[in-house]
Every structure is written in C-alpha cells, then in structure tokens.
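Accompanying notes for the structure given below.
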Amino acid sequence: AQSVTQLGSHVSVSEGALVLLRCNYSSSVPPYLFWYVQYPNQGLQLLLKYTTGATLVKGINGFEAEFKKSETSFHLTKPSAHMSDAAEYFCAVSAYSWGKLQFGAGTQVVVTP
Amino acid sequence: IAGITQAPTSQILAAGRRMTLRCTQDMRHNAMYWYRQDLGLGLRLIHYSNTAGTTGKGEVPDGYSVSRANTDDFPLTLASAVPSQTSVYFCASSDTGDNSPLHFGNGTRLTVT
C-alpha cells in the first residue's frame with residue numbers, strides 16, 4: 001500500500017523567490033514518484049517523475065525534485081518563482097512507473113508580485 | 001490535437017437520476033482511469049482499465065460502474081446519483097510501458113442536488 005502526505009495546503013511565494021513544496025510518502029515496495037501541476041479548469045499535467053537511477057530529477061518549467069529514501073521524501077523546488085507558476089501541485093506515488101497513482105491532497109501555490 | 005475528451009463539461013443532476021460521463025482518447029493508450037477530485041482530498045481512483053475488455057476497482061468504486069468495449073472509450077456511469085457524488089471527475093489514460101505518464105482530460109464538474 002502507498003500513501004502520500006503533502007505538507008501545506010497553501011503556499012504563498014514572492015515572484016523571484018524559491019518555491020519549495022514538501023511531499024512525504026510511504027510505500028511497501030520501491031516507489032515511483034511523480035509531481036503533477038493543475039492550472040485552473042484544466043486536467044493535471046506531469047511535471048516530473050522518479051522511477052529509478054539518479055535521485056535528482058529535473059522536470060519542465062524549471063522545476064526539480066530529489067528522491068531521498070532515508071527521509072521518504074520527494075520535495076519539489078524551483079529556484080525562482082514566476083507568476084505563471086500559480087497553480088495547484090500534486091505529489092503522487094505508485095508501485096509502477098505508470099498507471100494507478102495515489103495522490104496527495106495538493107498544494108495551492110500563489111505567486112505575489 | 002491528440003488527447004482526452006470528456007463530456008459534458010459540467011452537469012447539474014437531481015439525486016436518484018442516472019448519469020453517464022463520457023471519455024474518449026485518441027492516443028491508443030491501453031490503460032484508462034477515472035478519478036474524482038475533492039477539496040482537501042486530492043484525486044482518488046474510482047475505476048481503471050488496463051486494456052480493452054477488462055476493468056478494475058480503485059479506491060472509491062461504490063456507486064459507480066465502467067465499461068471498456070474498445071480502446072478509445074471509457075464511460076463512467078452513476079446508476080442512482082447521490083449528493084456525495086458531487087465532485088470534479090477526471091478521465092486519464094496511459095501507455096503501459098515504462099516512462100508513460102498519465103494524460104488527463106479537462107474534467108467534468110458534477111453537482112448532485
């Protein structure tokens with residue numbers, strides 16, 4: 001069984017500041033980990049994923065995440081926030097590299113000028 | 001443009017009525033999924049299908065049914081709607097190979113009164 005906890009349902013960042021979204025997971029098998037982004041009135045889009053190999057994963061729009069097995073974490077970061085980063089972000093875990101995902105509750109990101 | 005089409009975009013439905021949410025994909029993906037999105041709960045898997053002719057139950061299947069007669073279509077039926085089924089419903093698809101992300105439709109916003 002898998003589960004995901006996202007710390008903080010809302011995050012407010014200033015334009016140009018670091019974006020840090022926290023995600024912790026539990027999994028009975030080596031996990032596959034994902035971050036998705038949802039813009040208003042749209043479906044989710046894949047930002048990045050970790051399956052195997054390098055633990056630092058780079059995604060689209062300047063985001064990256066690091067898989068830390070010892071901390072059971074997969075935090076998402078972006079060095080400099082842009083107004084277009086305002087969206088809801090979901091962390092997800094799976095026992096497969098595709099398919100049935102267990103999603104976190106989501107973190108709404110607000111970017112202020 | 002390739003992707004997933006969901007219909008209707010939104011619907012208000014009286015309790016006790018039957019409703020089918022439509023989902024069609026043109027990417028020839030083997031796997032398809034239905035999720036519901038509720039505030040504070042993230043996305044929860046309702047039903048899935050790994051290939052045409054097969055379906056499976058997700059985390060919250062009660063009150064819903066699905067069919068997969070062909071590769072492209074994956075309708076979700078509420079046999080007798082209840083207010084707790086008020087939600088935003090997302091259909092998704094994926095290939096079943098490695099490095100295959102979920103592709104989401106834009107959702108159906110359903111209100112059961």
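Just so it is clear, the values below take in all heavy atoms, side chains as well, and ignore hydrogens, waters and symmetry mates.
The minimum heavy-atom distance linking B:G40 with A:A105 is given by the pair O-CB, 3.3 Å. What you find for B:N106 and A:Q42 is that their closest heavy atoms are OD1-CA, 3.8 Å. Of all the heavy atoms in A:K100 and B:Y48, the pair that sits closest is NZ-OH, 3.4 Å. The minimum heavy-atom distance between A:F90 and B:Q37, with the atom names listed, is CZ-NE2, 3.1 Å.
Within 6.0 Å of CZ on B:R44 lie more than 12 heavy atoms contributed by other residues, nucleotides or ligands. Few gaps surround CG on B:N70; more than 12 heavy atoms of other groups in view lie less than 6.0 Å from it. Under a cut-off of 6.0 angstrom, the local environment of CG in B:L39 is sparse, with at most 12 non-hydrogen atoms contributed by other residues, nucleotides or ligands. Shown here is A:I60, whose CD1 atom has more than 12 heavy atoms of other residues, nucleotides or ligands within 6.0 Å.
The hydrophobic cluster containing B:L43 also contains A:L46, counting ILVMFWY residues as joined when their side-chain heavy atoms lie under 4.5 angstrom apart, directly or transitively. Note on A:V4 and B:L45: separate hydrophobic clusters, where clusters join Ile, Leu, Val, Met, Phe, Trp and Tyr whose side-chain heavy atoms are under 4.5 Å apart, directly or indirectly. In this structure, A:W35 is a member of the same hydrophobic cluster as A:V13, with clusters built from ILVMFWY side-chain heavy atoms closer than 4.5 Å. Taken together through direct or relayed side-chain contacts under 4.5 Å among Ile, Leu, Val, Met, Phe, Trp and Tyr, B:V60 and B:V66 form part of one hydrophobic cluster.
In this structure, the side chain of B:Y33 does not engage the main chain of A:L101 through any donor-acceptor pair within 3.5 Å.
Contacts of A:L44 with chain B are made by both backbone and side-chain atoms, with heavy-atom separations under 4.5 Å. Only the backbone of B:L41 comes within less than 4.5 Å of a heavy atom in chain A; its side chain stays farther off. With a 4.5 Å cut-off on non-hydrogen atoms, B:E59 touches chain A through its side chain but not through its backbone.
Interatomic distance, B:F90 CZ to A:Q38 CD, rounded to the nearest 0.5 Å: 4.5 Å. Taking CZ of A:F34 as the start and CG of B:L102 as the end, the distance is 7.0 Å to the nearest 0.5 Å.
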Practice problem: Could you walk me through whether A:Q45 and B:F104 pass side chain to side chain contact (heavy atoms under 4.5 Å, CB included), step by step? | Solution: CA-CA 7 Å; A:Q45 304 172 34; B:F104 284 84; over 6 Å; no
